[in-house]
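Numbering of ligands and ligand atoms starts at 1, following listing order. Not measured: the values here are computed from a predicted model.
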Amino acid sequence: MMDFQQRFKTSPEVIASAPGRVNLLGEHTDYNDGFVLPTAIPQRTTVAIGFSADDRHHFYSVELNESVAVVPADSPPQGFASYVYGCIRVVETAGHPVPPLAVFVTSSVPIGSGLSSSAALEVAVLRGLRSLLQLDLDDVKLAQLGQQAEMQYAGVSCGILDQMACSLADSEHMLFLDTRTLDRQLLPFPTGAEMVVIDSGVARSLATSGYNQRRAECEAAAHQLGVKALRDVTDPQQVASLPEPIRRRARHVITENNRVLKVLAGISAPEFGALMNASHASLRDDYEVSVPALERLVEILQAMPDVFGARLTGAGFGGACVALVAAGQAQAIATNALNLYNRAGYNGRILVG
Ligand code: GLA
């Protein structure tokens, strides 16, 4: 595989990386100031960064085999380069000049599966910039800069879930995060359980338009309920006065926040699994972000012995499913579930298990 040296004919100054994430519970709650519960996945994005030999930035992605040169004063680039450039720009805007750079990106985080390939790239680039330029940024500030880069340069009005997870989560714990206060705790996985993640093979369609529409619906619901954000409502009965569909959208967010909070008490694997199943039903019926492929995959997983619970993960509209299964069973369950799923005519793949 090509490396930085071969590509840019010089050595990198720094190498940095960040993992992708899977969200176990708390979906579509972050932009409602709510609660989330992600964990890091083994797949990572790595960047090697050095100084450019000319007055332009040069970005190269191994997986995309794409090379982009950016003149700092020109209009921002598209595609993977928009995330890299976005990170450079938000660092500059925060008051730290950045010289022209050569950035070499390689990643095992799948793109378009809802596992935060973009946030992994942002956090990896920002970690690289932090060490290259000796920036005084903590991991939370770094996540916030990543979110800013995503909103301003990739055009997604995302919450802070992905960047916080890629910056602060590890794969041995669940990261409980209050997205309003950014208070957080690393929690152990439920005893006797491990995780399976399967990509449905159906790329997220409508992800941006559907996502932005849901976000607007939640804002409308909060406004009509007279609260700053839906996080401020804890009783699902309170949505009764709202018109449809925002009544259902608000109900999802309220019940989902309540489900995440239940985990704080320290619950068993079967209890956790039941919350995941309920989360999936709510995402399907109230939030309407599921698709037939995800339904099939979740149905297969939920019906298998030793599966405590399963749900779609990430924004929905395609992407991956996560399941909590009995310890030691992940590999066998993932293999069997994938066989059944692919026999139904799909083209899924195991990402964790
Ligand atoms: C995407 C966004 C996150 C979050 C999830 C849904 O991953 O980037 O901010 O809203 O969808 O939970």
Side-chain angles (χ1 to χ4, degrees), residues 18-41 45 82-83 86 109-123 143-169 174-180 182 184 197 199-200 203-219 222 229-231 249-250 252-257 259-260 275-276 279-280 282-284 286-291 294 311-322 351:
R21 67 98 188 93
V22 64
N23 195 19
L24 293 159
L25 220 48
E27 217 66 83
H28 289 282
T29 49
D30 63 348
Y31 51 84
N32 293 294
D33 279 2
F35 307 101
V36 294
L37 196 70
T39 185
I41 56 172
T45 296
S82 65
Y83 301 102
V109 184
I111 295 172
S113 301
L115 300 177
S116 291
S117 57
S118 59
L121 175 56
E122 288 149 7
V123 172
Q144 288 170 322
L145 290 175
Q147 182 196 22
Q148 229 177 295
E150 176 113 14
M151 291 173 95
Q152 293 170 11
Y153 290 87
V156 182
S157 319
C158 63
I160 192 95
L161 160 64
D162 303 346
Q163 290 79 12
M164 283 294 281
C166 296
S167 182
L168 287 137
M174 313 189 288
L175 175 71
F176 169 84
L177 173 70
D178 178 336
T179 65
R180 173 173 279 172
L182 300 187
R184 60 202 177 274
V197 181
D199 182 4
S200 70
R204 290 170 304 163
S205 58
L206 289 178
T208 309
S209 59
Y211 186 90
N212 291 341
Q213 187 194 2
R214 293 297 179 282
R215 191 177 175 138
E217 288 167 345
C218 289
E219 279 160 13
L230 285 177
R231 137 71 174 273
R249 307 292 188 251
H252 164 73
V253 174
I254 296 161
T255 59
E256 186 77 352
N257 276 329
R259 281 185 282 274
V260 182
L275 293 174
M276 292 173 82
S279 168
H280 183 78
S282 178
L283 286 161
R284 177 190 62 217
D286 279 350
Y287 220 62
E288 296 182 285
V289 292
S290 191
V291 293
L294 293 172
R311 55 182 288 272
L312 71 82
T313 185
F317 306 102
C321 291
V322 60
L351 296 175

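- Here's the thing with Y31: none of its N/O atoms is less than 3.5 angstrom from an N/O atom of ligand 1.
- In this structure, M164 does not count as a contact residue of ligand 1, since none of its heavy atoms falls inside 4.0 Å of the ligand.
- Heavy-atom contacts of E27 reach the following atoms of ligand 1: 6 (C), 12 (O) (cutoff under 4.0 Å).
- Of the heavy atoms in Q163, none comes closer than 4.0 Å to ligand 1.
- At distances below 3.5 Å, at least one donor-acceptor pair connects side-chain atoms of D30 with backbone N or O atoms of I160.
- Heavy-atom proximity to A315, at under 4.0 Å, picks out these atoms of ligand 1: 11 (O).
- With ligand atoms numbered from 1 in the order given, ligand 1 contributes 9 (O) to contacts under 4.0 Å with heavy atoms of G159.
- In the vicinity of D30, heavy-atom distances shorter than 4.0 Å reach the ligand 1 atoms 3 (C), 4 (C), 9 (O), 10 (O).
- At the shortest separation from atom 8 (O) of ligand 1 among protein heavy atoms lies D162 OD2, 2.6 Å.
- Classified by interplanar angle (parallel below 30°, tilted 30° to 60°, perpendicular above 60°), the ring pair Y211/H28 is tilted.
- A salt bridge is defined here as a Lys NZ or Arg NE, NH1 or NH2 lying under 4.0 Å from an Asp or Glu carboxylate O, and R214 with E288 fails to meet this definition.
- Side-chain atoms of R311 and S279 form a donor-acceptor pair, as typed in the model, at a separation below 3.5 Å.
- The atoms of ligand 1 that sit less than 4.0 Å from any heavy atom of R21 are 7 (O).
- The shortest distance between side-chain heavy atoms of L283 and S290 does not fall below 4.5 Å.
- A heavy-atom distance below 4.5 Å is not found between the side chains of R259 and F35.
- Distance alone, capped at 3.5 Å, is enough to place a donor-acceptor pair between the T313 side chain and the N23 backbone.
- Of the N or O atoms in Y211, one or more lie within a sub-3.5 Å distance of an N or O in ligand 1.
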